[in-house]
Amino acid sequence: MESVRDAAAAFGRRSFEVRFESIGGLGAHAAGQILATAAVLRMGLNGAHFSSYGSEKKGSPVRSFVRLGPPDEPIRTSAPVEAPDAIVVFHAALLRDPSTFAGLKRDGTFIYDAPPGRAPDALAALPRTARVLRVDARGIAAAERSRPNAVLLGTLCAAFPFFSAETMLQALTEEFATRRPEAVASNERAFRRGATDVEAMDGVGRADGDLPVARPEPAWGYLTQPLGGVIPLPGNTAWNDVSWSRTGSIPVFDEAKCVHCGSCDLVCPDLCFVWGDGAPGEVFERKLFGIDYRYCKGCMRCVESCPTGALTKRTETVGLADRLRVPLFPEVVG
Ligand code: SF4
Ligand code: SF4
């Protein structure tokens with residue numbers, strides 16, 4: 001962006017608002033922080049940023065909000081962004097939730113992460129006049145050893161040229177220069193591919209006008225809730241499926257190299273490892289049989305801790321986890 005005045009004029013209205021829709025672990029909060037930092041500290045705009053999340057855990061829903069305005073327009077609200085100019089979706093699985101689209105303006109921009117292929121039917125909920133862009137953020141991030149947020153920031157800057165790509169890249173570099181200097185070059189490659197490897201999805205939206213905002217109300221209030229109750233479908237964490245929180249890689253187990261020492265299981269935060277008894281007369285009484293990827297979030301702690309190389313990090317291709325999965329609870333289906 002050449003000047004603060006250009007950016008402010010480019011907004012065309014009193015503010016420019018972005019909502020990042022994500023799940024924990026993909027870097028939506030950091031993306032919002034970098035965008036707001038670049039806009040406020042480097043471009044001289046007014047801005048506000050905050051995120052909302054439940055438990056701070058990989059796999060939980062995260063929304064990050066950025067509100068920007070011209071330098072002479074104070075931002076006096078810190079409410080969530082309900083009617084954004086741009087929505088950036090970090091995982092295609094979120095397209096199943098109608099609140100992901102909520103409030104997008106009729107001339108808004110919708111950016112989502114997905115590999116090439118047929119556009120999901122859910123995109124029909126978008127305004128027909130909105131701009132829809134697809135980028136394989138997790139695929140690019142895995143190939144470039146970066147994070148999806150670097151890719152999606154590149155796409156956002158390409159979609160809105162009043163954000164200077166170079167300025168945003170400086171903010172991104174600054175974010176990682178001290179914490180992970182080795183990531184600076186890979187983030188830059190990912191950012192630049194986010195700007196170029198993007199696909200415009202024409203004609204997918206079917207809705208007319210601005211989308212309605214979502215203000216979810218609880219089903220019951222203090223006057224209407226029933227006394228007591230029965231949970232007809234009890235569940236527990238065995239039903240959790242955190243596989244959508246992985247960012248492109250899984251640990252792959254090679255039984256021939258395993259000495260069944262249990263180091264991987266000690267460091268795994270999610271009890272993914274499946275053990276069983278060795279056959280009578282075998283050296284190992286208890287043996288590692290494999291990994292249940294339903295619970296694996298791809299943190300790679302197990303790979304780092306394995307002393308024999310029996311666990312290796314591999315890019316996750318479609319169906320790979322299903323093929324290699326050893327169920328921890330075979331009775332849990334779906
Ligand atoms: S750390 Fe490696 S060798 Fe030890 S049980 Fe796990 S996979 Fe096997
Ligand atoms: S990558 Fe390894 S340690 Fe991390 S959740 Fe998956 S199995 Fe557990």
Side-chain angles (χ1 to χ4, degrees), residues 1-24 26-56 60-90 94 97-111 126-127 129-131 149 152-153 155-157 159-165 167-172 174-175 207 209-218 221:
M1 186 196 60
E2 289 63 42
S3 74
V4 171
R5 195 174 302 283
D6 292 340
F11 293 162
R13 34 195 167 226
R14 291 163 73 87
S15 64
F16 179 83
E17 299 180 334
V18 184
R19 192 170 73 222
F20 294 98
E21 297 275 353
S22 185
I23 49 180
L26 298 180
H29 175 73
Q33 207 165 32
I34 291 164
L35 175 61
T37 302
V40 174
L41 299 184
R42 295 174 181 274
M43 301 177 187
L45 301 172
N46 275 328
H49 163 248
F50 75 99
S51 301
S52 76
Y53 24 58
S55 58
E56 291 189 49
S60 351
V62 172
R63 286 198 165 108
S64 195
F65 310 102
V66 178
R67 189 174 274 120
L68 303 174
D72 54 353
E73 190 73 50
I75 291 175
R76 300 202 185 279
T77 174
S78 54
V81 170
E82 291 183 325
D85 298 281
I87 295 176
V88 182
V89 182
F90 277 59
L94 293 166
D97 180 354
S99 69
T100 299
F101 308 98
L104 185 66
K105 295 192 172 101
R106 70 189 72 194
D107 58 350
T109 295
F110 189 85
I111 298 169
L126 289 167
T129 45
R131 177 169 53 157
N149 55 4
L152 288 162
L153 279 174
T155 310
L156 188 68
C157 285
F160 296 97
F162 56 83
F163 290 128
S164 152
T167 303
M168 200 65 66
L169 205 44
Q170 281 169 15
L172 182 66
E174 214 165 68
E175 171 82 11
D210 299 341
L211 295 187
V213 302
R215 292 194 185 122
E217 295 289 333

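What you see below is based on every heavy atom in this structure, not just the backbone, and it leaves out hydrogens, waters and symmetry mates. Keep in mind the model is a prediction, meaning the values are calculated, not measured.
Pro127 places a side-chain heavy atom less than 4.5 Å from the side chain of Leu104.
Side-chain atoms of Asn46 never come within 3.5 Å of backbone atoms of Gly69 as a donor-acceptor pair (strictly under, hydrogens ignored).
Between the CG atom in Leu156 and the CG atom in Asn149 there is a gap of 12.0 Å [rounded to 0.5 Å]. Within the model, atoms CD1 of Ile87 and CZ of Arg19 stand 4.0 Å from one another, a figure rounded to the nearest 0.5 Å. Taking CZ of Arg67 as the start and CG of Asp85 as the end, the distance is 10.5 Å to the nearest 0.5 Å.
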Steps toward side-chain contact (heavy atoms from CB on, under 4.5 Å) verdict (Phe90, Ile23): CA-CA 7 Å; Phe90 277 59; Ile23 49 180; 6.0 Å; no
Could you please spell out the steps behind the side-chain contact (heavy atoms from CB on, under 4.5 Å) verdict for Glu21 and Phe101? CA-CA 9 Å; Glu21 297 275 353; Phe101 308 98; over 6 Å; no
Applying side-chain contact (heavy atoms from CB on, under 4.5 Å) to Val62 and Phe20, what does each step give before you reach the verdict? CA-CA 8 Å; Val62 172; Phe20 294 98; over 6 Å; no
Indicate every side-chain donor-acceptor pair of residues 27-41 with a distance under 3.5 Å to a residue at least two apart or in another chain.
from: His29; atom 1: ND1; to: Ser51; atom 2: OG; distance (Å): 2.6
from: Thr37; atom 1: OG1; to: Gln33; atom 2: O; distance (Å): 2.6

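Of all heavy-atom pairs between Pro71 and Leu45, the closest is CD-CD2, 4.2 Å. Ala159 approaches Ile111 most closely through the heavy-atom pair CB-CD1, 4.4 Å. Here the shortest heavy-atom pairing between Ala102 and Ala214 reads CB-CB, 3.5 Å. Nearest heavy atoms, Asp72 versus Pro74: O-CD, 3.5 Å. For the residue pair Ser64 and His49, the shortest heavy atom distance occurs at OG-NE2, 2.9 Å. The minimum heavy-atom distance between Phe65 and Ser52, with the atom names listed, is CE1-OG, 3.9 Å.
The salt bridge (Lys or Arg N to Asp or Glu O under 4.0 Å) check on Asp210 picks up Arg106, with sequence neighbours excluded. Partners of Thr109 under the side chain to side chain donor-acceptor pair (under 3.5 Å) rule, at least two apart in sequence or in another chain, are Arg131.
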